[in-house]
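First comes the structure, then the notes that go with it.
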Amino acid sequence: MRKQIAAANWKMNNTLEEGTKLLNEIVGSGLQLSDNQCAIFAVPSPYLISADQQVAGNSNMFVAAQNCHHKTSGAYTGEVSVDMLASINIHYCLVGHSERREYFAESNQQLAEKVDLCLSKEITPIFCCGEPLSIRDENIQNDYVAVQLNESLFHLDADAIQKVVIAYEPIWAIGTGKTATAAQAQEMHAHIRSVLANQFGNAVADNVSILYGGSVKGANANEIFSQPDVDGGLVGGASLIASEFVQIIKALK
Ligand code: PGA
C-alpha cells in the first residue's frame with residue numbers, strides 16, 4: 001500500500017531558534033500517525049542534523065534535504081552531495097522543486113542524475129513536477145508533466161520507481177493562495193498515475209505516492225487529500241505554522 005505523506009518545505013525560512021520551536025510544537029502535539037502515514041520536514045541544510053535529532057524516536061517522522069547536487073563530490077563550492085546527506089542519516093531529498101528549476105536552471109536531465117544519486121544512497125527523492133500558468137492556459141499541462149516524468153524518471157526500472165515519491169505542484173498555485181481545485185488535482189494525479197502505468201505497469205503505478213503541492217493549508221487539506229489519487233501534500237507557507245501543519249498531517253488518509 002502506498003504511503004500517505006505530509007511533507008513540509010520550509011524553503012529559506014526560519015532561524016535555528018524559530019525552526020527548533022516550530023518542529024518541537026509539531027512533534028509534541030500528540031499526533032498519532034498510522035503505519036502508512038508519515039510526516040517529512042524539508043528544512044534548510046544547516047538544520048538537518050538538529051532537526052533529525054528532534055524527530056528521532058517518532059517512527060513516522062523524517063527530515064528531508066531541500067536539494068542535493070547532481071555530481072558525487074568535488075569542486076562545487078556551496079553545494080551539498082548525497083554522500084553528505086547519507087552520512088548524517090538523511091533519507092529524503094526534494095528534487096526539482098519548481099523554484100530550483102526556475103532560479104537555478106535545473107534541467108530534466110540533471111534531475112535524472114540527482115534521482116539516481118539519491119537512490120544509490122537509499123535516499124528517497126521527492127521528485128517535483130508541475131506546469132506554469134501559460135501551459136495550463138493552453139491546456140497542454142498533461143503533456144508537459146509527462147515530459148518531465150519521462151526525461152527524469154523513465155530510465156529507472158520498476159523496482160527503483162517505487163522508491164520515488166512524486167509531488168505534483170502546479171506553479172501557478174505555489175505561494176499564490178490559488179489552490180488547484182480538488183478535481184483539478186485529482187485529474188492530474190490520475191494522469192500521472194496512468195503515465196506511470198503505461199511505462200511500468202498498473203501494480204507499480206499503484207505503489208507510487210503522488211503528493212499535491214500549491215497553497216495547501218489546514219482548511220483545504222481534507223478535501224484535496226480525500227481524492228483517490230492524491231496521497232498527501234508538499235506544503236510551503238502553511239508548514240511554517242505549527243497548528244496549520246498539524247491539521248494538514250491529520251488530514252492524511
Ligand atoms: P506553498 O508552497 O504551499 O506555499 O504554495 C508549496 C511548495 O512550493 O512546495
Side-chain angles (χ1 to χ4, degrees), residues 3-14 18-19 22-23 26 38-45 47-48 51 62-68 90 92-106 111 114-115 118 124-133 135-136 141 144-145 148-149 152 164-182 184-186 188-189 192 209-227 230-252:
K3 289 258 183 215
Q4 304 297 308
I5 301 168
N9 178 9
W10 290 5
K11 310 191 181 184
M12 198 172 73
N13 292 298
N14 286 331
E18 289 163 347
L22 170 62
L23 199 48
I26 297 166
C38 70
I40 299 175
F41 301 89
V43 305
S45 300
Y47 314 152
L48 285 167
F62 303 94
V63 168
Q66 295 178 8
N67 181 38
C68 61
I90 297 301
Y92 291 87
C93 184
L94 303 186
V95 170
H97 189 279
S98 60
E99 288 149 17
R100 302 263 351 147
R101 292 174 185 262
E102 183 180 350
Y103 305 138
F104 301 92
E106 294 188 353
L111 300 177
K114 293 190 187 206
V115 166
C118 284
T124 299
I126 302 176
F127 176 80
C128 305
C129 58
E131 79 286 354
L133 186 59
I135 295 290
R136 174 66 62 166
Q141 64 274 8
Y144 185 90
V145 170
Q148 290 180 318
L149 299 174
S152 296
V164 175
V165 170
I166 294 175
Y168 167 62
E169 300 202 303
I171 296 169
W172 45 271
I174 294 178
T176 58
K178 189 170 187 267
T179 320
T181 63
Q184 281 173 322
Q186 169 54 26
M188 178 56 87
H189 283 229
I192 291 172
S209 299
I210 308 175
L211 317 185
Y212 168 79
S215 299
V216 174
K217 44 187 191 276
N220 61 23
N222 255 321
E223 194 193 354
I224 296 171
F225 295 178
S226 68
Q227 300 301 309
V230 177
D231 306 310
L234 178 57
V235 186
S239 76
L240 302 173
I241 304 162
S243 59
E244 280 285 315
F245 197 61
V246 166
Q247 204 181 337
I248 290 166
I249 296 172
K250 285 183 177 161
L252 290 174

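Counting convention: from 1, in listed order, for ligands and their atoms alike. Please read all numbers here as calculations on a predicted model, not as lab measurements.
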Measure the acute angle between the ring planes of H189 and Y168, then classify it against the limits of 30° and 60° as parallel, tilted or perpendicular. perpendicular
Could you tell me whether a side-chain N or O of Q66 sits under 3.5 Å from a main-chain N or O of A42, the two making a donor and an acceptor? yes
If the cut-off is 4.0 Å to any non-hydrogen atom of L234, which atoms of ligand 1 fall inside it? 6 (C), 9 (O)
What part of N9, side chain, backbone, both or neither, has a heavy atom within less than 4.0 angstrom of ligand 1? side chain
For H97, the atoms of ligand 1 under 4.0 Å from one of its heavy atoms are 7 (C), 8 (O), 9 (O)
Nearest protein heavy atom with distance in Å, relative to atom 7 (C) of ligand 1: E169 OE2, 3.1 Å
I26 vs I249, test: side-chain contact (heavy atoms from CB on, under 4.5 Å). Steps then yes/no. CA-CA 10 Å; I26 297 166; I249 296 172; 4.1 Å; yes
What I want to know is whether T176 and ligand 1 share at least one N or O pair that is separated by under 3.5 angstrom. no
Donor-acceptor check, side chain of N220 to backbone of S215, threshold 3.5 angstrom: yes or no? yes
For ligand 1, which part of A173 has a heavy atom less than 4.0 Å away: the side chain, the backbone, both, or neither? backbone
Does an N or O anywhere in G236 fall below 3.5 Å from an N or O of ligand 1? yes
Please work out whether the ring planes of F41 and W10 are parallel, tilted or perpendicular, with thresholds of 30° and 60°. perpendicular
Taking only non-hydrogen atoms of A238, do any sit less than 4.0 angstrom from ligand 1? no
With a cut-off of 4.0 Å, which atoms of ligand 1 are near a heavy atom of G237? 1 (P), 3 (O), 4 (O)
Examine ligand 1 and decide if any of its atoms is less than 4.0 Å from a heavy atom belonging to G214. yes
Take atom NZ of K250 as the centre, draw a 6.0 Å sphere, and report whether it contains more than 12 heavy atoms from other residues, nucleotides or ligands. no
Q184, CD: over 12 other non-hydrogen atoms inside 6.0 angstrom: yes
